[in-house]
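Each remark here refers to the structure printed beneath this line.
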Amino acid sequence: MRIATWNVNSIRQRLTHVLAFLKEAEPDALCLQELKCVDADFPRAEIEEAGWQVTTHGQKGFNGVAIISRSALEDVRRGLPGDESDEQARYLEGVLPHGDGVVRLASIYLPNGNPPNTEKYPYKLAWMERLAVHAKGLLAHEEPLVLAGDYNVIPEPRDARDPAAWAGDALFLPPTRTAFRKLQSLGFTEALRATTDAAGLYTFWDYQAGAWQRNNGIRIDHLLLSPQAADRLGAVSIAKHVRGWDKASDHVPVLIELN
DNA sequence: ATGTCGCATTCCATGCGA
């Protein structure tokens, strides 16, 4: 089973890219983030016509997550529990068939948190704590579970071309990295780091200042695996070439194989 | 640090979020 995650930075601007990637990569499921539209404006028909099932959780103007899958997504949850007043569309979860069993999959768009001296940063940290609480509950099911998405977390210095430039950024501040480690310590395996210790593996290059041309990237798109999923982990890859496509998203897809 | 996008509105220019 192949699972991918991709922050597309507007599904309406990136529809042809998504269709091309689906055709090229042939995933069983693709988690999307930053749809930047309400469900009614999601280009559902075009993707369904290509043979896919579409589950969306959109929001006007920004945020928004979706899961595109070959099989219908079941037991769907929209929104991260733990704060009824939170209306931001950043979490979508469901269950897909996998062999004789199932895999539970979530598409996550974790808050950016910048600038850190505003209410945006405590919102990010609180969101991460809510995710940890929910994830702990999911782990109790002892089933294959994949939490995939744009975490807006640079886990370590080797995950940035120029870590010093990110020292005061909400993506790299110590409380952010500590919260990410705490989430993992519940029992998750971070897919890419289960397969390589290499530096220089990035999933995001800013539109500004020629970041792509200079390979000035960061690794912020991650897949966290429950023990039952980690036991089945095969290859992990970053579809870096997608960043070179015309009018590309600033993020590229990350893929895993589950045997 | 800021050489770019995409969205929305006060709507063809600007603010916001990233």
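The structure presented is a predicted model; accordingly, all values stated were derived computationally and were not measured. Just so you know, these numbers use all the heavy atoms, side chains as well, and skip hydrogens, waters and symmetry mates. Chain A is the first sequence line, chain B the second, and so forth, proteins listed ahead of strands; every chain is numbered from 1.
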When you compare the protein's N or O atoms with those of nucleotides 4-9 of chain B, which come within less than 3.5 Å of each other, and at what distance?
unit_1	atom_1	unit_2	atom_2	d
B:dT4	O4'	A:Y207	O	3.1
B:dG6	OP1	A:R14	NH1	2.9
B:dG6	OP1	A:R14	NH2	3.0
B:dG6	O3'	A:S10	OG	3.4
B:dC7	OP1	A:S10	OG	2.6
B:dC7	OP2	A:Q13	NE2	3.2
B:dA8	OP1	A:G61	N	3.4
B:dT9	OP1	A:K60	NZ	3.2

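Rounded to whole Å, the P atom of B:dA1 lies 23 Å from the corresponding atom of B:dG15. One P atom belongs to B:dT10, the other to B:dT14, and the distance between them is 16 Å to the nearest Å. Separating the P atom of B:dC7 from that of B:dG3 is a span of 22 Å, rounded to the nearest Å. Nucleotides B:dG6 and B:dT2 place their P atoms 23 Å apart, quoted to the nearest Å. Nucleotides B:dC12 and B:dA18 place their P atoms 26 Å apart, quoted to the nearest Å.
A side-chain donor from one of A:N215 and A:W205 sits under 3.5 Å from a side-chain acceptor of the other. A side-chain donor-acceptor contact under 3.5 Å links A:Q33 and A:S107.
Annotation: side-chain hydrogen bond (donor to acceptor under 3.5 Å, both in side chains) contacts of A:W127 (sequence neighbours excluded): none. Every ring pair (Phe, Tyr, Trp, His ring centres under 6.0 Å) that A:Y91 has, sequence neighbours left out, goes to A:H134. Under the side chain to side chain contact (heavy atoms under 4.5 Å, CB included) criterion, A:Q184 pairs with A:F180, A:E190, A:L224, not counting sequence neighbours.
The side chain to side chain donor-acceptor pair (under 3.5 Å) contacts involving residues 66-77 of chain A comprise A:D75-A:R104, where partners must be two or more places apart or lie in separate chains. Pairs of residues two or more places apart, or lying in two chains, that qualify as side chain to side chain donor-acceptor pair (under 3.5 Å) and include a residue from residues 172-183 of chain A are A:Y121-A:T176, A:E129-A:K182, A:T178-A:R181.
Distance CG (A:N114) to P (B:dC16): 16 Å, rounded to an integer number of Å. Atom pair A:W205:CH2 and B:dA18:C1' shows a separation of 17 Å (rounding to whole Å applied). Here B:dG17 presents its P atom at 16 Å from CG of A:L171, a figure rounded to the nearest Å. Across the protein-nucleic acid pair, A:K120 atom NZ and B:dG17 atom C1' stand 7 Å apart, rounded to whole Å. We find that NZ of A:K124 is positioned 15 Å from P of B:dG17, with the value rounded to whole Å. Atom C1' of nucleotide B:dG3 and atom CD of A:Q213 are separated by 10 Å, given to the nearest angstrom. Rounded to whole Å, atom C1' of B:dG3 lies 13 Å from atom CG of A:N216.
Comparing A:D169 and A:P111 by the nucleotide of DNA chain B that holds the closest heavy atom to each, the one mapping nearer the 5' end is A:D169.
OP1 or OP2 of B:dA18 lies within a sub-4.0 Å distance of a side-chain N or O belonging to A:R90.
At a non-hydrogen distance threshold of 4.0 Å, nothing from residues 156-167 of chain A comes into contact with DNA chain B.
A:F172 belongs to a hydrophobic cluster with A:I154, A:W166, A:L171, A:F204, A:I218, A:I220, counting contacts under 4.5 Å between side-chain heavy atoms of Ile, Leu, Val, Met, Phe, Trp and Tyr, direct or through other members. Other cluster members for A:V38: none, since no ILVMFWY side-chain heavy atom sits under 4.5 Å from it.
If you check every strand for non-hydrogen atoms under 4.0 Å, A:F204 touches nothing.
A:N152 places a side-chain N or O within donor-acceptor distance of the main-chain N or O of A:L110, the cut-off being under 3.5 Å.
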